[in-house]
J.: 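Before I ask anything, let me first share the structure, which is written out below as structure tokens.
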Protein chains: 2
Amino acid sequence: MERSTRQRRAILHALAQSGRPLRPIEILELGQKEVPGLGLTTVYRNIRQMTADGSLVRVYYPGQPALFELPTGKFLPHFICRSCQQVYYFEEEAPDVPYDPPANFRIESQEVVFYGHCSDCP
Amino acid sequence: MERSTRQRRAILHALAQSGRPLRPIEILELGQKEVPGLGLTTVYRNIRQMTADGSLVRVYYPGQPALFELPTGKFLPHFICRSCQQVYYFEEEAPDVPYDPPANFRIESQEVVFYGHCSDCP
DNA sequence: ATATGTGCAAACTCTTTGCATGGAG
DNA sequence: CTCCATGCAAAGAGTTTGCACATAT
């Protein structure tokens, strides 16, 4: 059973305020403004639990450490340039991919990554 | 300038034989069957160089260590369980996602990751 | 009252780097 | 003969775990 602690509220607050995906260390730093004694371990443990139950979403930029954000319901697609390896975040949402998962797999969200060449790399 | 060494050949051989993306440690283990003294550092250095010049492709799965494979052109969808973090490969190919990229971005391929709960994690 | 949450330190995993030796060209 | 490549050990990030204490319910 989950309890509402000062630490947990500070973590959620940090994520709600920032408006962009945060790294665990950033969550810690923001959270410590509210709860000075907050520890990195606590951040990780809560991130893990929240991600498991869906109240937090893990966003992944290839080659970078994990980022976390509150669920937005949006599917912003990534684009990775094959030449310069730069990662871009396209603003326009990608459509749902129609897909029939194997039995007993429940799809809750999706992420699309496009590969190609960016405007700087012909 | 790149040289053809026993180690480098063993690494490429391991990737060619396996038929699935491999973690660096797996490349090491397979490669050591051919070159017993092969070191993990060498695997990492070669992976890095090959990925930079395109003779190797890095596959990214959120929350998972990096996987590498020889370029295939195929794309199978992946599924990541929010509870156990396990990555599954769905056998059936996902349909192309229709998407209009910003000007001067050329999309050459795509990858889809589904998130949800697997058959073991209700 | 009691089970979950917290903080610290240490352990762990994955990856990179420094340096002397080895081998391809 | 020259460089690039290799292997070892150690360093560095990011993340997890063990344990005693704190606290929400």
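Letters A, B, ... are given to chains in the order of the sequence lines, protein chains preceding strands, and every chain is numbered from 1.
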J.: Output every pair passing salt bridge (Lys or Arg N to Asp or Glu O under 4.0 Å) with a member in residues 21-38 of chain A, not counting sequence neighbours, ordered by first then second residue.
T.: A:Arg20-A:Glu26
J.: Figure out the CZ/P separation between B:Arg23 and C:dT13, and round it to whole Å.
T.: 10 Å
J.: Would you mind reading off the distance between B:Asn46 atom CG and D:dC4 atom P, rounded to a whole angstrom?
T.: 15 Å
J.: Under the ring pair (Phe, Tyr, Trp, His ring centres under 6.0 Å) rule, collect the residues that match up with B:Phe68, sequence neighbours excluded.
T.: none
J.: How close or far is atom P of D:dC3 from atom CD of B:Gln49, stated in whole angstroms?
T.: 18 Å
J.: Taking only residues two or more places apart in sequence, or in another chain, which ones meet A:Tyr44 in a side chain to side chain contact (heavy atoms under 4.5 Å, CB included)?
T.: A:Pro24, A:Leu40
J.: What integer distance in Å separates A:Leu67:CG from D:dG14:P?
T.: 11 Å
J.: Under 4.0 Å, counting only non-hydrogen atoms across every strand here, what does A:Ile25 touch: a base, just sugar-phosphate, or nothing?
T.: nothing
J.: Could you tell me which residues satisfy side chain to side chain donor-acceptor pair (under 3.5 Å) with A:Ser109, sequence neighbours excluded, listed by chain and number?
T.: B:Arg82
J.: Atom CG of A:Leu12 to atom P of C:dG5: distance rounded to whole Å?
T.: 13 Å
J.: Where does the angle between the aromatic ring planes of B:Tyr99 and A:Phe90 fall among parallel (under 30°), tilted (30 to 60°) and perpendicular (over 60°)?
T.: parallel
J.: Send over the distance from A:Arg8 CZ to C:dT4 C1', rounded to a whole Å.
T.: 9 Å
J.: What does the B/S/- profile of nucleotides 16-25 of chain C look like, 5' to 3', with a 4.0 Å heavy-atom cutoff to protein?
T.: BBB----BBS
J.: Answer yes or no: is there a donor N or O on one side and an acceptor on the other, between the side chain of B:Arg58 and the main chain of B:Ala66, under 3.5 Å?
T.: no
J.: Sequence neighbours excluded, which residues qualify as side chain to side chain contact (heavy atoms under 4.5 Å, CB included) partners of A:Gln17?
T.: A:His13
J.: In whole angstrom, what separates A:Glu26's CD from D:dA13's C1'?
T.: 15 Å
J.: B:Asn104: which residues meet the side chain to side chain contact (heavy atoms under 4.5 Å, CB included) condition with it, sequence neighbours left out?
T.: A:Ser119
J.: Whole angstroms only, please: what is the CG-P distance between A:Leu28 and D:dA13?
T.: 17 Å
J.: Sequence neighbours excluded, which residues qualify as side chain to side chain contact (heavy atoms under 4.5 Å, CB included) partners of A:Asp53?
T.: A:Glu2, A:Ser55
J.: So if I take the C1' atoms of five pairs at each end of the helix from C:dA1-D:dT25 to C:dG25-D:dC1 and get each local axis, what angle do the two axes make, rounded to 10 degrees?
T.: 40°
J.: DNA chain C: B:Pro24 or A:Gln7, which has the more 5' nearest nucleotide?
T.: A:Gln7
